[in-house]
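Report on the structure given below.
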2 protein chains.
Amino acid sequence: MLSHAASHIDSSRPAISSRRASPAQNPDVGGVPKQHPLIDAMHMMGATMSFPSETEIFGEGEAADYAYQVISGGVRTYKILRDGRRQVAGFYLPGDIFGLDFQDDHTVSAEAITDTKVVVVKRSMLMTLAGRDPVIGRELLNVTGSELRRVQTRMLLLLKSAEERVAGFLLEMAERASGGNVVELPMTRRDIADYLGLTFETVSRTLRGLANKAAIEVTAPRRIVLRNWSALRLLNA
Amino acid sequence: MLSHAASHIDSSRPAISSRRASPAQNPDVGGVPKQHPLIDAMHMMGATMSFPSETEIFGEGEAADYAYQVISGGVRTYKILRDGRRQVAGFYLPGDIFGLDFQDDHTVSAEAITDTKVVVVKRSMLMTLAGRDPVIGRELLNVTGSELRRVQTRMLLLLKSAEERVAGFLLEMAERASGGNVVELPMTRRDIADYLGLTFETVSRTLRGLANKAAIEVTAPRRIVLRNWSALRLLNA
DNA sequence: CGAAACATTGACAACTTTCAATTGCCGTGG
DNA sequence: CCACGGCAATTGAAAGTTGTCAATGTTTCG
């Protein structure tokens with residue numbers, strides 16, 4: 001059994017609002033949801049669990065027995081480096097699948113950023129399913145491929161200047177959360193800094209810099225309005 | 001048909017010397033090679049092609065119709081940024097599979113670093129095979145998982161200082177090429193710099209610094225001997 | 001309302017890049 | 001065989017960017 005002291009298993013099965021796990025741009029137009037055997041299977045077989053804000057979902061080095069999908073809230077995965085620095089490996093928003101390490105042990109830790117609901121399913125069961133049903137296997141491959149692309153994109157981001165990194169981060173968040181021009185950040189400046197490999201002071205200064213250029217507007221610390229997408233994309237290229 | 005002016009299709013089918021594509025630590029002990037359906041399939045169905053040094057294998061934005069495995073030589077994938085900077089996305093050594101983008105178009109360009117032989121196979125055929133044979137599907141998933149881990153490792157590297165990046169790079173190359181303490185670099189300082197997000201001057205200075213600390217020895221510009229692994233690993237965190 | 005955490009801002013230090021010059025390596029042709 | 005030319009690599013000095021340390025302002029939440 002999972003031993004998450006801070007969590008509890010919900011009896012209800014909330015409908016998922018987004019299906020980001022499959023190739024991103026896939027709006028369910030017309031009200032009739034498309035078939036997503038992998039996600040359907042996860043919801044069929046999995047348990048829904050809740051994690052309060054700032055609680056651990058799994059730790060680095062623990063057995064990677066389960067895979068997760070975010071239902072609501074947000075999750076960050078991270079590593080603590082020997083010198084004490086923290087590297088955020090990724091943020092996961094509703095619809096995203098995480099914990100799918102292809103090793104026996106989790107290579108990162110995972111925490112709820114805010115109060116979060118996830119669906120949990122045995123990884124071995126997913127693998128068995130994938131072995132039986134090529135469609136599910138193919139979907140798993142797609143999910144992994146998406147994750148790979150996302151990591152590669154971020155890797156390329158880390159090669160660039162602070163301004164370019166922050167711009168890229170804002171664009172990524174805007175696309176993933178898709179709230180139009182307004183980006184609601186569920187995470188702190190330090191989270192962002194650890195994600196981008198900067199200090200939180202530099203993140204703060206860079207945001208101000210972008211605001212001074214009229215590329216963005218910081219209406220509240222966690223609420224940023226994108227004013228000039230092309231300027232941001234120029235930095236992204 | 002592939003339209004690589006600079007390449008030609010070989011009639012011979014050279015035996016592969018390494019099987020890095022499968023979970024890395026998998027030496028074929030006992031002389032009898034293990035079964036690798038994915039690789040076997042690639043060699044069965046694929047054509048062997050040669051690319052002279054510094055020639056393009058595919059370009060960013062081209063249709064991603066083919067997947068490749070390096071037989072001999074070396075390959076780099078990269079992006080050119082609008083401002084002219086080049087970002088090297090990855091190096092591929094014999095045994096490595098590349099071009100497996102999970103999109104319609106290649107997200108990076110690929111070039112032969114030195115004279116290089118590769119096996120080429122239709123990506124759609126791999127996918128069809130994977131749909132029919134869960135074992136191959138599983139292997140594809142493993143290859144992708146390995147790539148994912150490698151990218152994640154490099155991502156962590158990019159957060160660190162120049163010295164730590166260069167040390168990490170040397171360790172990665174030493175492990176992948178596994179020529180004992182001697183690392184033969186097929187790429188230039190500029191390639192390394194573009195891979196690590198540094199300038200070639202910094203790479204050069206850092207190598208000297210490591211040499212001064214007796215951690216390495218630069219016996220020739222492209223030939224580096226690792227003298228003190230634990231010192232390098234300490235930098236690796 | 002008040003405390004704690006989060007965020008911003010400034011000054012200075014450290015590291016990396018940029019610009020410039022020099023050295024070393026290697027293949028070609030005399 | 002050696003000289004030359006071209007590219008890669010090294011090295012130095014100055015400039016720029018980001019990190020560090022410190023102080024202050026702001027939001028959130030009990």
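Computed over heavy atoms, backbone and side chain alike; hydrogens, waters and symmetry mates excluded. In the text below, chain A, chain B and the rest are named by the order of the sequence lines, each starting its count at 1. Bear in mind the structure is a predicted one, so any value in this text is a computation, not a measurement.
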Worksheet item: Are B:Arg154 and B:Tyr195 in a cation-pi setup, meaning NZ or CZ lies under 6.0 angstrom from the ring centre and within 45 degrees of the ring axis?
Response: yes
Discussion item. Tell me the interatomic distance from A:Leu207, atom CG, to D:dT26, atom P, rounded to whole angstroms.
Written reply: 17 Å
Worksheet item: Within the modelled atom types, does a donor on one side and an acceptor on the other bring the side chain of B:Glu163 and the base of C:dC15 under 3.5 Å apart?
Response: no
Worksheet, complete the sentence: When rounded to whole Å, the CZ to P distance for the pair B:Arg85 and C:dT16 reads 17 Å
Response to the item:
Of the candidates C:dT8, D:dA9, D:dT18, the side chain of A:Ala162 sits closest to D:dT18
Worksheet item: Within this structure, what is the CZ-to-P distance between A:Phe200 and C:dT9, rounded to whole angstrom?
Response: 14 Å
Worksheet item: Could you state the CG-P distance from A:Leu235 to D:dT17, rounded to the nearest angstrom?
Response: 13 Å
Worksheet item: Between A:Tyr68 and A:Tyr92, does the ring centre distance come in under 6.0 Å?
Response: no
Practice prompt. Measure from CG on A:Asp194 to P on C:dA7 and round the result to the nearest Å.
Written response: 12 Å
Discussion item. Treating B:Gln69 as the side-chain partner and B:Gly95 as the backbone partner, does any N or O pair qualify as donor plus acceptor under 3.5 Å?
Written reply: yes
Response to the item:
Assert: residue with more 5' nearest nucleotide on DNA chain D, out of A:Pro221 and A:Glu201, is A:Glu201
Worksheet item: D:dT17 P sits how many Å from A:Leu159 CG, rounded?
Response: 18 Å
Worksheet item: With a non-hydrogen cut-off below 4.0 angstrom, is A:Leu198 in contact with a base, only sugar-phosphate, or nothing?
Response: sugar-phosphate
Item to complete: Send over the distance from A:Asn212 CG to C:dT9 P, rounded to a whole Å.
Response: 9 Å
Practice prompt. Assign each of B:Arg205 and B:Arg190 to its nearest nucleotide of DNA chain D by heavy atoms, then name whichever residue's nucleotide is nearer the 5' end.
Written response: B:Arg190
Worksheet item: So what does B:Gly197 touch, heavy atoms closer than 4.0 Å: a base, only the sugar-phosphate, or nothing?
Response: sugar-phosphate
Worksheet, complete the sentence: Separation of D:dT11 atom C1' from B:Arg208 atom CZ, nearest Å, is 9 Å
Worksheet item: Looking only at N and O atoms, is any donor in the side chain of A:Arg165 or the base of D:dT17 less than 3.5 Å from an acceptor on the other one?
Response: no
Worksheet item: Taking everything shown except B:Arg222 itself, do over 12 heavy atoms lie less than 6.0 Å from its CZ?
Response: yes
Worksheet item: Closer than 4.0 Å, any side-chain N/O of B:Arg222 to the OP1 or OP2 of D:dA9?
Response: yes
Worksheet item: At under 4.0 Å, does any side-chain N or O of B:Thr202 touch on OP1 or OP2 of C:dT17?
Response: yes
Worksheet entry | Side-chain heavy atoms of B:Glu147 within contact of A:Gln152, under 4.5 Å | yes
